[in-house]
Amino acid sequence: MKKKDNILKKIANKAYEFGFVSKIKTDIIDSGLNEDVIRLISKKKNEPSWLLEFRLEAYRHWLTLKMPTWAHLNIPPIDYQAISYYADPLKKSKEKNKEIDPELMKTFEKLGIPLEERLALSGTAVDAVMDSVSVKTTFKEELKEKGIIFCSMSEAVQEHPELVRQYLGTVVNYRDNFFAALNSAVFSDGSFAFIPKGVRCPRELSTYFRINAANTGQFERTLIVADDDSYVSYLEGCTAPMRDENQLHAAIVEIVVNNNAEVKYSTVQNWYPGDAEGKGGVYNFVTKRGDCRGKNSKLSWTQVETGSAITWKYPSCILRGDNSQGEFYSVALTNNYQQADTGTKMIHLGKNTRSTIISKGISAGKSQNSYRGLVRVSKNADGARNYSQCDSLLLGDKCGAHTFPYMDIHNNSAVIEHEATTSKISEDQLFYCNQRGIGTEEAIGLIVNGYAKEVLNKLPMEFAIEAQKLLSVSLEGAVG
Amino acid sequence: MSQEQEYIDIFEQNLALIKEPCAELLNEAREKAAIRFKATGFPGTKEENWLHSNVAKRFATDYGMNLGRVEVNTDRRTLFTCDVPNLNTHQAFIVNDTFRDGESGKKFPDGVILASLNRIAEESPSLLEPYYNTLAEQGDSIAQFNTMFAQDGIVLYIPKNTVVEETVQIVTLLQANVEMLSNRRLLVILEENSQASLLICDHSAMEKQTLSTQVTEIFIGRGAQLDLYELEETAYSNTRLSHLFVRQEADSRFGHSNITLTNGFTRNYISVSLEGKGAEADINGLVIGDKNQHTDNRTIVDHKTGNCNSNELYKYILDEQSTGVFAGKMLIRPDAQQTVSQQTNRNLCLTSDAHMYAQPQLEIYADDVKCSHGSTVGQLDDNALFYMQQRGIPADEARHLLMYAFAGEVIENIKIEALRDRLHMLVEKRLRGELNHCRTCALCK
């Protein structure tokens, strides 16, 4: 048993491999938040006045809010004045030099995202966001031919202001919650994607987020609009360097899905989780929501959450259009002192709407992992159907796994099912593997990957491999 | 003036009057409870545990409280005669909040006490002192409210190694000419290896608005067994705020069937704490709601040590504009290894005006456990209905049969045959809308 413990510890303690800091010249504004800072951000980005107004309104609303405390999380107080709200890693050059800092390229190489060559082979269009600013978007021209707009948010504000204005804040209003208000006030960049009518996006669109600068928060904003009969698959990945202090990441993702359109949004979240003593790490407080406005529209969220000191997010679907469909597939892994309170909301408004929730929680070390999900069926949502399954796996006797589903049903034709189980890896399964010559740690990896397979299968291939690797790094062996 | 303040003022101005007829034990707890109540006040609907039940609103009515303990002239025989046929019980009554003796079949075994809480607290305080308010102390502000105002209630005490074979039946009634608020208190103590079954029937039915808070503390000693049946048949004008706290020691067994047939606004908080290895809790509930009935059951099973089992089944049938709330939490503490815990919640919504809020919750801090919960909301199975119609059963009849079978699963868990039969009958009639109360009850005539 002791020996097994040691092996497990070794693996569980494996260092965070994306923890390097890049020496990139970064333009950071002073920390602190007030209206002047917001005006400064807006000015730096040369934004139209309506957007500044939007930011200021959000900021004024944010001032009236208090940070919510209902989550099953232990969050140390956050000093919002100690954070710098804007960090730009691009070289300051007046002639808008498109050349990217070689250090920055190296950073993305290290992350396994060579922006040009390798992606050409894998066929993914990438928008990379470092600290606050989108640094590079690939394959733009090719996408343009099809009428697809895929660029950074700042670019979209300059080049397609009418589209941004039409959709920004319509899915996640700045009044929605504390962090949505904060993000609406200070968001610095993010990605924008517009898929026109009838177009099937030929490539997976991808955003890669990285926090590099110290003492900064990352507040990006993603807006995806899928017009009638279109399809897009969108990937999101994130990493951050190892730092002793906590960093705040409060993003917003808004998705609009029109008639017969389909959006698939996949996330592999690997922000720095803090060290084995729970020091440092990213606070990942994100509002993600999709509005299935059109008939027969479909939105699918897939997430693999392995990073962050604290994860607090609920990617949600508003099923407004008749026959619309929402899906949520999640693997959330917590180790050491990580905490997660994550899940989804399925709001059934249209007729014959369907939703599926598959959530797999894995807790190890001294971590706390909670699933919290809401299924609401409104009075007019005839024929709504939901199936939820939330399983938790406990690796170690010091961790916690919690399930808090909410079902608010206001229509008698709804069929709602929820089931949850919690258990550890059974001794029998381990014994069986051992007997057949598979070492304990390998066996655990095997069993856990099998356990998460239902979700991993939903990921696009490149991501599935990364996710599997991540799981095996963070997971294997935390069993005692 | 806020509602809390109104009641705090009543409490402070009448403290001497409240204390006067009561034992020291009850009075001691009172003021501490008042401090806690003042700190929190009535829970608002923004509080996680009260999201769907606006309890402060229920206190808005200008109720009378019989703090001076004016004797209410009642002949309980005219009020209530609906004992379960073929069931020999030891009966006792709580009229408003006052203990009344009832008819009993056989004599109790030696040492068993079924008596007024206030009287026993007066006569032998040392017996109750280790128990009274020790669990309710941790309760929410409504439990504190009850402790502030409680003046009487019932004690059931069963000494070591004693088996009470006949069911003990406690009937709670309300009797007044005005809007009425009463605070009942029940204390049940089972010492080591004792056994009993207890049936509590709530018949607080008046035409006027009534509100009753009820705090029940149950202590089940090592190896002891208690089956508790709670049956609510009150009126649409009634508000019931009940708190049930149970503490179980090693190898004890607790069975609970909580059945709400007719009611107005009901909130049952059920907290079962498993504190000794090998303890077992079996918790069942059935709610049948129509009109504007509101039934909120909130259960928490707290596994404090390992090797305990808990099993929970709650079913709701909601018709017309009724609302059902179910929140069941299973809390497995860090060292509660080898826990087996299972929870099932099934709900039928019959109209689109009926609302169901379900929150089954697992909070687990130990790894060697088997825990699961399942919850569904839906309607009757169309295929089953079609099948039955095909075989000549009219649609309405088929629907009744299916609902009856749906409810049957909970009733089948009742161990007393006579009570089970009675409940089958009551539920069937209830589903057919033929009765809101049992026919023999004077109130229903």
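Numbers restart at 1 for each chain; the letters A, B, ... are given by sequence-line order, proteins then strands. The figures that follow rest on heavy atoms only: side chains count, while hydrogens, waters and symmetry mates do not.
- Using a 4.5 Å cut-off between heavy atoms, B:Gln343 makes no contact with chain A at all.
- Between B:Tyr365 and A:His72, the ring planes are tilted. Angles from 30° to 60° get that label.
- Across B:Leu362, B:Leu348, B:Thr376, the residue that shares the most heavy-atom pairs under 4.5 angstrom with chain A is B:Leu362.
- The existence of a salt bridge linking A:Lys379 and B:Asp353 is confirmed by a sub-4.0 Å separation between a basic side-chain nitrogen and an acidic carboxylate oxygen.
- Side-chain rings of B:His52 and A:Tyr406 stay apart, their centers remaining 6.0 Å or farther from each other.
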For this session: Please test B:His373 against A:His418 for side chain to side chain contact (heavy atoms under 4.5 Å, CB included), starting from the C-alpha separation and ending with a verdict.
Result: CA-CA 8 Å; B:His373 66 205; A:His418 170 94; 2.9 Å; yes
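- When the candidates B:Glu363, B:Lys370, B:Gln361 are compared by the number of heavy-atom contacts under 4.5 Å with chain A, B:Glu363 comes out ahead.
- Of the two parts of B:Pro334, only the backbone, made up of N, CA, C and O, holds a non-hydrogen atom closer than 4.5 Å to a non-hydrogen atom of chain A.
- Scanning both residues, A:Pro405 and B:Pro360, for their nearest heavy atoms gives CD-O, 2.6 Å.
- Of all heavy-atom pairs between B:Gln337 and A:Asp397, the closest is NE2-CB, 3.3 Å.
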Exercise. Where do A:Leu394 and B:Val369 land on the side chain to side chain contact (heavy atoms under 4.5 Å, CB included) test, with the steps shown first?
Worked result: CA-CA 9 Å; A:Leu394 290 153; B:Val369 297; 4.2 Å; yes
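- The number of heavy atoms from other shown groups lying within 6.0 Å of CZ (A:Arg376) does not exceed 12.
- The environment of A:Lys351 atom NZ is dense: over 12 non-hydrogen atoms of other residues, nucleotides or ligands sit within 6.0 angstrom.
- Note on A:Ser426, A:Ser413, A:Ser423: by heavy-atom pairs under 4.5 Å with chain B, the leading option is A:Ser413.
- Formation of a donor-acceptor pair under 3.5 Å by the B:Gln379 side chain with backbone atoms of A:Ala414 is found in this model.
- Of the two parts of A:Gln389, neither the backbone nor the side chain holds a non-hydrogen atom closer than 4.5 Å to a non-hydrogen atom of chain B.
- Counting heavy-atom pairs closer than 4.5 Å to chain A, the top-ranked of the candidates B:Ser375, B:Cys349, B:Ser372, B:Gly378 is B:Ser375.
- Heavy atoms closer than 4.5 Å to chain A are found in the side chain of B:Glu48, but not in its backbone.
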